[in-house]
Protein chains: 2
Amino acid sequence: MTSPVTSPATPIRLLLADDHPVVRAGLRAVLETEPGFEVVADVPTAEEAVELAGRCEVDVVLMDLQFGGRMLGSQATAAITARAGAPRVLVLTTYDTDADILAAIEAGATGYLLKDAPPEELAAAVRTAAAGKSALAPTIALRLMDRMRTPATALSRRETEVLQLVADGLSNAAISKRLFLSQATVKSHLVHIYSKLGVDSRTSAVAAATAKGLIRR
Amino acid sequence: MTSPVTSPATPIRLLLADDHPVVRAGLRAVLETEPGFEVVADVPTAEEAVELAGRCEVDVVLMDLQFGGRMLGSQATAAITARAGAPRVLVLTTYDTDADILAAIEAGATGYLLKDAPPEELAAAVRTAAAGKSALAPTIALRLMDRMRTPATALSRRETEVLQLVADGLSNAAISKRLFLSQATVKSHLVHIYSKLGVDSRTSAVAAATAKGLIRR
DNA sequence: TCGGGCATCAACCGAAGGGTTGATGCCGGG
DNA sequence: CCCGGCATCAACCCTTCGGTTGATGCCCGA
């Protein structure tokens with residue numbers, strides 16, 4: 001066979017964005033040993049990721065979700081994918097809460113991986129993402145299925161937002177000011193949340209939502 | 001001077017324990033480029049860390065705190081440091097809650113670092129630990145100072161018990177039944193908790209205590 | 001021994017949260 | 001096109017929570 005194959009004529013160009021130096025080094029080490037990959041750069045902030053993704057020729061961005069600083073990975077993802085001819089964004093995070101996953105997917109992420117993924121899975125996901133196909137970790141896929149199956153558990157975006165603030169310890173009055181709502185609306189959201197979660201108080205709602213991974217910490 | 005120094009006659013032998021393959025690769029990459037270090041092995045579980053630390057000649061163990069599996073990093077740390085001639089254990093984790101830090105130090109950890117530490121800091125901490133000296137990240141040191149300075153932050157056993165139930169979503173009435181108390185007593189405990197944490201509601205108390213690592217999630 | 005922290009309880013009051021009803025506007029799927 | 005879910009708000013009522021005052025008993029350390 002005159003196979004024209006095995007030629008990585010154009011390797012997959014990667015941009016790594018993670019605020020942990022150790023993780024960046026680890027991703028580099030894992031991915032550079034893999035054939036067909038080329039790490040163009042690695043950056044410690046979401047802002048730099050957005051900037052470099054626009055300036056450089058990159059196929060896939062590996063993006064952390066929580067950065068120490070202000071900009072969130074999901075915002076950066078949205079900023080990157082908004083442009084025409086944008087690279088694919090593969091979200092790579094430690095957590096698998098519903099809120100994070102949905103935010104990332106809505107922001108235009110092509111895939112969602114957990115950092116405890118083995119190297120092969122990681123490499124496979126990158127190739128899948130580079131091909132423009134969706135790459136979800138098994139855990140994530142399961143969680144999404146779960147969410148589909150029981151729409152009762154699925155809080156709306158606004159409800160999640162309110163509940164997150166409740167979990168942060170804010171009063172209804174404080175939440176209403178923060179979100180530019182009336183207290184009546186906040187209470188209304190809470191009543192819906194309670195019925196969806198099968199609870200009857202703000203504290204138990206936080207406990208239930210935390211257990212289900214609907215909100216952060 | 002006939003200095004007998006600068007000779008890395010015996011490099012510092014390291015054992016890496018972390019359930020994230022990417023992090024293990026990253027630590028390897030970061031530490032092996034550093035002169036005077038030798039990574040003996042890296043393992044994905046706390047159990048293997050304990051076993052290898054006993055079998056091999058190791059100077060410093062870099063230990064994660066949260067493993068996917070059952071055994072905790074703090075338990076593994078205790079098991080390793082309990083033996084005579086044991087290697088030093090340097091805890092390396094993502095989180096910096098009081099509970100984690102204290103558990104690690106009580107377990108006999110020589111140092112406590114956060115994973116977002118830059119490589120130089122990491123290397124310096126390993127050398128410090130190898131020399132038998134305590135190596136705490138600045139953030140951690142600050143937090144400990146804080147705890148010492150304001151013993152008010154330390155909740156009593158009973159108060160912690162009550163607050164944990166609050167975090168689980170129980171009402172005062174439910175808590176009083178669970179603990180065989182009157183509601184008055186529960187409220188009394190809560191008032192003390194609020195003043196110690198500097199908050200003014202049950203939900204914000206839970207948020208504050210969770211942030212400080214005083215209760216489990 | 002005496003003060004002080006911890007744990008326990010009572011009674012009280014105002015405020016915040018919880019629950020209901022009802023209403024409006026928007027949007028998307030059947 | 002109309003129904004239903006989402007998001008918004010108002011008015012009302014009742015319960016729980018939050019905060020205070022005050023009191024008892026225990027135990028520990030100065």
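Below, chains carry the letters A, B, ... as their sequence lines are ordered, and counting in each starts from 1.
Counting only heavy atoms from C-beta outward, the side chains of T94(A) and H20(B) approach each other to under 4.5 Å.
In terms of phosphate contacts, R158(A) brings a side-chain nitrogen or oxygen within less than 4.0 Å of OP1 or OP2 of dT8(D). The phosphate of dA16(C) has neither OP1 nor OP2 within less than 4.0 Å of any side-chain N or O from S171(A). Checking the phosphate oxygens (OP1, OP2) of dG19(C), no side-chain nitrogen or oxygen of Y194(A) falls inside 4.0 Å. For the pair R157(A) and dC6(D), the criterion of a side-chain N or O lying under 4.0 Å from OP1 or OP2 is not met.
Projected onto DNA chain C by closest heavy-atom contact, H192(B) and D200(A) fall at different nucleotides, the more 5' of which corresponds to H192(B).
Judged as a salt bridge (charged side-chain N to carboxylate O under 4.0 Å, His left out), not a single pair has a partner in residues 172-195 of chain A (not counting sequence neighbours). Within the structure, salt bridge (charged side-chain N to carboxylate O under 4.0 Å, His left out) pairs that include any residue of residues 126-136 of chain B comprise E34(B)-R127(B) (at least two apart or interchain).
Rounded to whole Å, the distance from CG on L170(B) to P on dC17(D) is 10 Å. One can place CD of E161(A) at 15 Å from P of dC6(D), the figure rounded to the nearest angstrom. Distance I193(A) CD1 to dG5(D) C1': 15 Å, rounded to the nearest Å. The CD atom of E159(A) sits 13 Å away from the C1' atom of dT8(D) (whole-angstrom rounding). Taking atom NE2 of residue H189(A) and atom P of nucleotide dG17(C), one finds them 16 Å apart after rounding to whole Å.
Of the candidate nucleotides dA16(C), dC9(C), dG19(C), dC9(C) has the atom lying nearest to any side-chain atom of A184(B). In this structure, of dG18(C), dC6(D), dC6(C), it is dC6(D) that holds the atom nearest to the side chain of K196(A). Of all nucleotides listed (dC17(D), dA7(C), dG18(C)), dG18(C) comes nearest to the side chain of N172(A).
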request  = Could you please spell out the steps behind the side-chain contact (heavy atoms from CB on, under 4.5 Å) verdict for T93(A) and Y112(A)?
outcome  = CA-CA 8 Å; T93(A) 182; Y112(A) 197 106; 3.2 Å; yes

request  = For each nucleotide in nucleotides 20-30 of chain C, reading 5' to 3', give B when a protein heavy atom comes within less than 4.0 Å of its base, S when such contact involves only the sugar-phosphate, and - otherwise.
outcome  = B----------

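Residue S156(B) is in sugar-phosphate contact alone, with no base atom involved, counting any heavy-atom pair closer than 4.0 Å across all strands shown.
Closest approach of S74(B) and L65(B) over heavy atoms only: N-CD2, 3.6 Å. Here the closest heavy-atom approach between residue A109(B) and residue V91(B) is recorded as CB-CG2, 3.7 Å. In terms of heavy-atom proximity, R28(A) sits nearest to A41(A) at NH1-C, 4.4 Å. Across all non-hydrogen atoms, the minimal contact from P21(B) to A117(A) is CG-O, 3.5 Å.
Checked options I12(A), L16(A), L62(A); the residue passing with V39(A) is L16(A) (criterion: side-chain contact (heavy atoms from CB on, under 4.5 Å)).
Within residues 175-183 of chain B, the residues that place at least one heavy atom under 4.0 Å from DNA chain C are, in residue-number order, L181(B), S182(B).
The residues E57(A) and R13(A) are annotated as salt-bridged, a charged nitrogen and a carboxylate oxygen being separated by less than 4.0 angstrom. Between R88(B) and D59(B) no salt bridge is recorded (no basic side-chain N to carboxylate O distance below 4.0 Å). We find that D18(A) and R24(A) are not joined by a salt bridge, their nearest charged nitrogen and carboxylate oxygen being 4.0 Å or further apart.
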Any N/O pairs under 3.5 Å between the protein and nucleotides 26-30 of chain D? List them or say none.
none

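Rounded to 10°, the angle separating the first-five-pair axis and the last-five-pair axis of the helix from dT1(C)-dA30(D) to dG30(C)-dC1(D) equals 40°.
Sparse packing is recorded around CZ of R157(A), with 12 or fewer heavy atoms of other residues, nucleotides or ligands lying under 6.0 Å away.
Of the N and O atoms on the side chains of T185(A) and S182(A), at least one donor lies less than 3.5 Å from an acceptor on the other residue.
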